[in-house]
Amino acid sequence: MSESWQLDGEYFESCNCELLCPCLLVKGSRPTEGHCDVVIAFHIKSGKYGNTDLSGLNAVTVIYTPGIMTEGKWTMGSYVDEQANDAQRAALEKIFTAQAGGPLARFAPLVAHRLPAHRAAIGFASEGNIRKLSRKSPCRASPGPTANRSGSITSRISPPNGWLRPGALRAISRTRD
């Protein structure tokens with residue numbers, strides 16, 4: 001059994017869908033590009049895994065789905081902050097590869113291939129409604145708020161059956177390499 005853990009901080013998701021990922025809104029929806037490349041980035045303001053302090057660290061989970069997300073066959077990997085010591089790295093890897101319970105564990109049955117975690121220089125920035133991720137490998141994302149047809153900022157979403165809490169920040173972001 002995994003250690004108990006708790007994290008407090010910020011995160012964002014980004015995928016390669018054209019506008020808003022239909023997978024968040026309607027179960028069984030096909031990604032707009034036929035497959036999905038997902039980046040889920042986390043900045044931990046404070047947190048612990050058992051007795052291991054994770055405060056101030058960053059982690060990224062990357063997911064590839066070959067089609068409809070709920071059909072599984074995912075490939076999942078993770079990048080953990082290069083500033084993490086060995087105990088922190090092990091904890092982050094368990095949490096962010098869906099092996100330690102919690103919200104990401106909902107994904108575990110969908111994962112067919114789990115890639116080994118890698119250390120990386122992960123930069124997570126928060127500027128108003130903009131979140132930015134950069135690291136020294138081929139993954140960058142910078143989501144920002146969306147606007148409705150009249151041009152007003154539409155910044156909150158309550159997806160049904162999602163792992164996000166109601167009222168989460170909605171943003172447009174393109175995952176790019």
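Counting from 1, the numbers follow the sequence of the chain as shown.
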*What residues, two or more places apart in sequence or in another chain, satisfy side-chain contact (heavy atoms from CB on, under 4.5 Å) together with His118?*
Tyr79
*May I have the step-by-step check of side chain to side chain contact (heavy atoms under 4.5 Å, CB included) for Thr61 and Val39, ending in yes or no?*
CA-CA 6 Å; Thr61 295; Val39 173; over 6 Å; no
*Take Gln99 and Arg114, measure what side chain to side chain contact (heavy atoms under 4.5 Å, CB included) needs, and give me the verdict at the end.*
CA-CA 10 Å; Gln99 299 180 77; Arg114 190 171 277 113; 3.3 Å; yes
*Can you sort out the partners of Ser55 under side chain to side chain donor-acceptor pair (under 3.5 Å), two or more places apart, ordered by chain and number?*
Asp53
*Looking at side-chain heavy atoms only, is the closest gap between Cys17 and Pro22 below 4.5 Å?*
yes
*Kindly write out the residues that satisfy salt bridge (charged side-chain N to carboxylate O under 4.0 Å, His left out) with Asp86, not counting sequence neighbours, or none if the list is empty.*
Arg119
*Does the side chain of Gln88 reach to within under 4.5 Å of the side chain of Gln83, using non-hydrogen atoms?*
no
*What residues form a side-chain contact (heavy atoms from CB on, under 4.5 Å) with Ala41, not counting sequence neighbours?*
Phe12, Val60, Phe124, Leu133
_Interatomic distance, Leu110 atom CG to Thr65 atom OG1 [nearest 0.5 angstrom]_ = 9.5 Å
*Keeping the roles fixed (side chain from Trp74, backbone from Ile63), state whether a donor-acceptor pair exists under 3.5 Å.*
no
*Nearest 0.5 Å, what's the CZ-CE distance between Arg30 and Met69?*
12.5 Å
*Flag the pair His35 / Pro66 as yes when at least one side-chain heavy-atom distance between them is below 4.5 Å, and no otherwise.*
no
*To the nearest 0.5 Å, what is the distance between CD1 (Ile68) and SG (Cys36)?*
12.0 Å
*Just jot down the salt bridge (charged side-chain N to carboxylate O under 4.0 Å, His left out) partners of Lys45, sequence neighbours excluded, or say none.*
Glu10
*Quick one: do Asn16 and Tyr64 satisfy side chain to side chain contact (heavy atoms under 4.5 Å, CB included)? Show the steps, please.*
CA-CA 10 Å; Asn16 62 319; Tyr64 167 78; over 6 Å; no
_So does Glu93 get a backbone contact from the side chain of Thr97, meaning a donor-acceptor N/O pair under 3.5 Å?_
yes
*If you take all heavy atoms of Leu92 and Ala84, which pair is closest and at what distance?*
CD1-CB, 4.2 Å
_Side-chain touch Phe42/Leu7, heavy atoms, less than 4.5 angstrom_ = no
*Does the side chain of Thr75 reach to within under 4.5 Å of the side chain of Leu115, using non-hydrogen atoms?*
yes
*Supply the atom-to-atom distance Leu54 CG to Arg89 CZ, rounded to the nearest 0.5 angstrom.*
14.0 Å
_Rounded distance [0.5 Å steps], CG in Leu104 versus CE in Met76_ = 6.0 Å
_Which residues pass the salt bridge (charged side-chain N to carboxylate O under 4.0 Å, His left out) test with Glu71, not counting sequence neighbours?_
none
*Determine yes or no for a side-chain-to-main-chain donor-acceptor pair under 3.5 angstrom, with Trp5 supplying the side chain and Ala100 the backbone.*
yes
*Over all atoms of both residues, closest heavy-atom pair of Val26 and Ser29*: O-OG, 2.8 Å
*Are Asp81 and Ile44 close enough that some pair of their side-chain heavy atoms sits under 4.5 Å apart?*
no
*asked:* Nearest 0.5 Å, please: how far is OG in Ser4 from CG in Asn51?
replied: 8.5 Å
*asked:* With a 4.5 Å cut-off on side-chain heavy atoms, are Val80 and Ile122 touching?
replied: no
